[in-house]
Amino acid sequence: MNTIKSLSKFLTKYFTFFVILVALLAIFIPGPGTTLATTKVGNLSAVSILLMIVLFGMGITLTPNDFQRVARNPLQVILGTIAHYVIMPFIAFLLVHLFGLTGAAAVGVILVGSAPSGTSSNVMSFLSGGDVALDVSIGLLSTLLAPVMIPKLLKLLAGKWVNVPFSSMFFSAFQIVVIPIFLGIIVHTIFKEHIQKVIEIMLDLRTDFLLPCKLIA
């Protein structure tokens with residue numbers, strides 16, 4: 001456990017450097033990432049399973065009390081979530097037209113811009129001395145809305161390049177995003193203090209899994 005904590009602190013300290021390094025490796029040595037991204041386990045890709053592990057890790061650190069933050073500051077959280085789903089997709093759409101991207105490249109940029117904020121946002125907020133509690137609340141709400149918002153934004157902004165099957169995308173996102181989070185919350189609620197050590201490990205592993213999952217996806 002001490003080794004995991006030390007590794008997590010090291011990765012957090014040099015987070016930006018490792019993001020750039022892994023991105024460059026993915027560009028110039030795409031083989032391992034491509035294999036991982038195309039490997040299927042049942043109907044799910046290996047990347048989807050890794051993301052589900054990350055989101056389960058997020059869920060297992062939450063309790064029903066965490067949702068009270070949204071209730072206590074609804075305006076800030078709602079405005080932050082609206083800004084998230086307006087500003088980021090708009091910038092992605094702008095970049096697509098600015099650089100003349102089409103097809104899969106355009107859809108990929110818009111998809112990244114439409115994705116909810118996650119653990120990386122929490123890490124950056126913590127490192128910059130921001131309001132981490134507010135950031136977590138916005139991230140949680142934007143993640144729970146992802147099954148609805150991602151298909152809608154893709155259909156609106158990338159519909160001319162790809163046919164967006166709303167219902168299948170919704171159920172896929174619901175399966176990958178919402179179910180693991182709520183399973184984590186249920187596990188935390190049932191086992192409570194008995195799972196505290198596991199929660200400490202998951203908090204560290206969550207960041208360690210985050211880097212490859214985000215960049216490969």
Without placing hydrogens or testing angles, list every side-chain donor-acceptor pair under 3.5 Å for residues 77-105, not counting sequence neighbours.
{"from": "T81", "atom 1": "OG1", "to": "V77", "atom 2": "O", "distance (Å)": "2.8"}
{"from": "H84", "atom 1": "NE2", "to": "A115", "atom 2": "O", "distance (Å)": "3.0"}
{"from": "H84", "atom 1": "NE2", "to": "S117", "atom 2": "N", "distance (Å)": "3.4"}
{"from": "Y85", "atom 1": "OH", "to": "S142", "atom 2": "O", "distance (Å)": "2.5"}

Nearest atoms (heavy-atom pairs only) where M52 meets Q175 | CE-O, 3.8 Å
Treating Ile, Leu, Val, Met, Phe, Trp and Tyr as nodes and any side-chain heavy-atom pair under 4.5 angstrom as an edge, say whether V112 and L24 lie in one connected cluster.
-> no
Same apolar cluster: L144 and I179, side chain cutoff 4.5 Å = yes
Side chain to side chain contact (heavy atoms under 4.5 Å, CB included) with P147: which residues, sequence neighbours excluded?
-> F170, A173, F174, V178
Under 4.5 Å between any side-chain heavy atoms of I110 and L153, yes or no?
-> no
For residues P116 and L141, determine if any side-chain heavy atom of one lies less than 4.5 Å from a side-chain heavy atom of the other.
-> no
